[in-house]
Visitor: 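I have a structure here, written as structure tokens, and I will follow up with some questions on it.
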Amino acid sequence: MAVTVKKITLWRSEVENKSGMLAQTLKPLADAGASLQVIMAYRFPGEPTRAAIELSPVSGKKSQAAAKAAGLDRSSIPTLLAIGDDRPGLGSEIAEAIAGAGINISFLVVQVVGRRYSSVYGFETEEDAQIATNLIKKVSKPRRR
């Protein structure tokens, strides 16, 4: 199966790093019927009292209102979601292709489940994200045997 690479909008909130903040943020979205594909939550390095929650997608008026009520705002970071078939070395090949184009990856989260991977990439510019989209698709094409 081919890789799918699409631009996504992360919704982001900086929160106090304490128990229950993720649950508190997600509850209004769940109540609004939002179906999320990406959820990232992390403490800021060196700042034990601060954390961030980022998620996607937030679509429709009801879900957007819930996200805003939960303290989330649209992030301006150009972000891609790539989903495809995994193979040994693919992550390295994608990283090399992006680096070879002189593009800096602002952040990356990857998960492999079985034979499939899902990755979320953040970039500095929309142009970098577009170039990376093409590179990820090219590198991820199934190899002929």
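Note that the structure is a prediction, hence the values are computed from the model and not measured.
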Visitor: Show the nearest heavy-atom pair for residues V5 and A82, with the distance to one decimal.
Guide: CG2-CB, 4.0 Å
Visitor: Does R43 come within less than 4.0 Å of E16, counting only side-chain N to carboxylate O?
Guide: no
Visitor: If I take atom CD1 from residue I83 and atom OG from residue S119, how far apart are they, to the nearest 0.5 angstrom?
Guide: 8.0 Å
Visitor: Applying side chain to side chain contact (heavy atoms under 4.5 Å, CB included), run through Q130 and K7 and close with a yes or a no.
Guide: CA-CA 9 Å; Q130 184 55 56; K7 183 178 177 201; over 6 Å; no
Visitor: List, by chain and number, the other hydrophobic cluster members for V113, where Ile, Leu, Val, Met, Phe, Trp and Tyr join if side-chain heavy atoms come within less than 4.5 Å, directly or indirectly.
Guide: none
Visitor: Indicate yes or no: at least one non-hydrogen side-chain atom of V3 is less than 4.5 angstrom from one of Y117.
Guide: yes
Visitor: May I ask you to decide if L10's main-chain N or O and S75's side chain share a donor-acceptor pair within less than 3.5 Å?
Guide: no
Visitor: Is it true that F123 and V110 fall in one hydrophobic cluster, defined by side-chain heavy atoms closer than 4.5 Å?
Guide: yes
Visitor: Of all residues at least two apart in sequence or in a different chain, which pass the side chain to side chain donor-acceptor pair (under 3.5 Å) check with S59?
Guide: none
Visitor: Using the rule that Ile, Leu, Val, Met, Phe, Trp and Tyr join whenever any side-chain heavy atoms are under 4.5 Å apart, tell me whether I136 and L81 fall into a single cluster.
Guide: no
Visitor: Could you please spell out the steps behind the side chain to side chain contact (heavy atoms under 4.5 Å, CB included) verdict for I131 and I103?
Guide: CA-CA 9 Å; I131 294 167; I103 296 171; 3.5 Å; yes
Visitor: Side chain to side chain contact (heavy atoms under 4.5 Å, CB included) for L36 and L26? Distances and angles first, verdict last.
Guide: CA-CA 10 Å; L36 303 172; L26 293 177; 3.9 Å; yes
Visitor: How would you list, by chain and number, every residue that makes a salt bridge (Lys or Arg N to Asp or Glu O under 4.0 Å) with D31, sequence neighbours excluded?
Guide: K27
Visitor: What's the shortest heavy-atom distance between R87 and K141, and which atoms?
Guide: NH1-O, 3.6 Å
Visitor: Do L22 and Y42 belong to the same hydrophobic cluster, where Ile, Leu, Val, Met, Phe, Trp and Tyr are linked whenever their side-chain heavy atoms lie under 4.5 Å apart, directly or via other members?
Guide: no
Visitor: Does a salt bridge link K68 with D73, judged by any charged N lying under 4.0 Å from a carboxylate O?
Guide: no
Visitor: Answer with yes or no whether the hydrophobic clustering places V112 together with Y121; edges join I, L, V, M, F, W, Y residues whose side-chain heavy atoms lie under 4.5 Å apart.
Guide: yes
Visitor: For residues D86 and R115, determine if any side-chain heavy atom of one lies less than 4.5 Å from a side-chain heavy atom of the other.
Guide: no
Visitor: Which pair of non-hydrogen atoms, one from A70 and one from P28, has the smallest distance, and what is that distance?
Guide: CB-CG, 4.0 Å
Visitor: Do other residues, nucleotides or ligands put more than 12 heavy atoms under 6.0 Å from the CD atom of E14?
Guide: yes
Visitor: In terms of hydrophobic clustering (I, L, V, M, F, W, Y; side-chain heavy atoms under 4.5 Å; direct or indirect links), are I77 and I105 co-clustered?
Guide: no
Visitor: What is the distance from atom CD1 of I53 to atom CZ of R12, rounded to the nearest 0.5 Å?
Guide: 10.0 Å
Visitor: Considering all heavy atoms of both residues, which atom of S63 and which atom of A34 are nearest to each other, and what is their separation?
Guide: OG-CB, 3.6 Å
Visitor: Which heavy-atom pair separates A129 from L80 by the least distance, and what is that distance?
Guide: O-CD1, 3.4 Å
Visitor: Do you know which two heavy atoms are closest between P48 and N17, and how far apart they sit?
Guide: O-ND2, 2.9 Å
Visitor: How many angstroms lie between atom CG of L135 and atom CD of E93, to the nearest 0.5 angstrom?
Guide: 12.5 Å
Visitor: Give, for atom CD of E126 and atom OG1 of T79, the distance between the pair rounded to the nearest 0.5 Å.
Guide: 8.5 Å
Visitor: Report the distance from atom CG of L90 to atom CG of D85, rounding to the nearest 0.5 Å.
Guide: 9.5 Å
Visitor: Would you sort out whether L72 and T25 count as a side chain to side chain contact (heavy atoms under 4.5 Å, CB included), showing the intermediate values?
Guide: CA-CA 8 Å; L72 295 156; T25 302; 3.8 Å; yes
Visitor: Are side-chain heavy atoms of P78 and D128 found at a separation under 4.5 Å?
Guide: no
Visitor: To the nearest 0.5 Å, what is the distance between CG (L55) and OG1 (T9)?
Guide: 11.5 Å
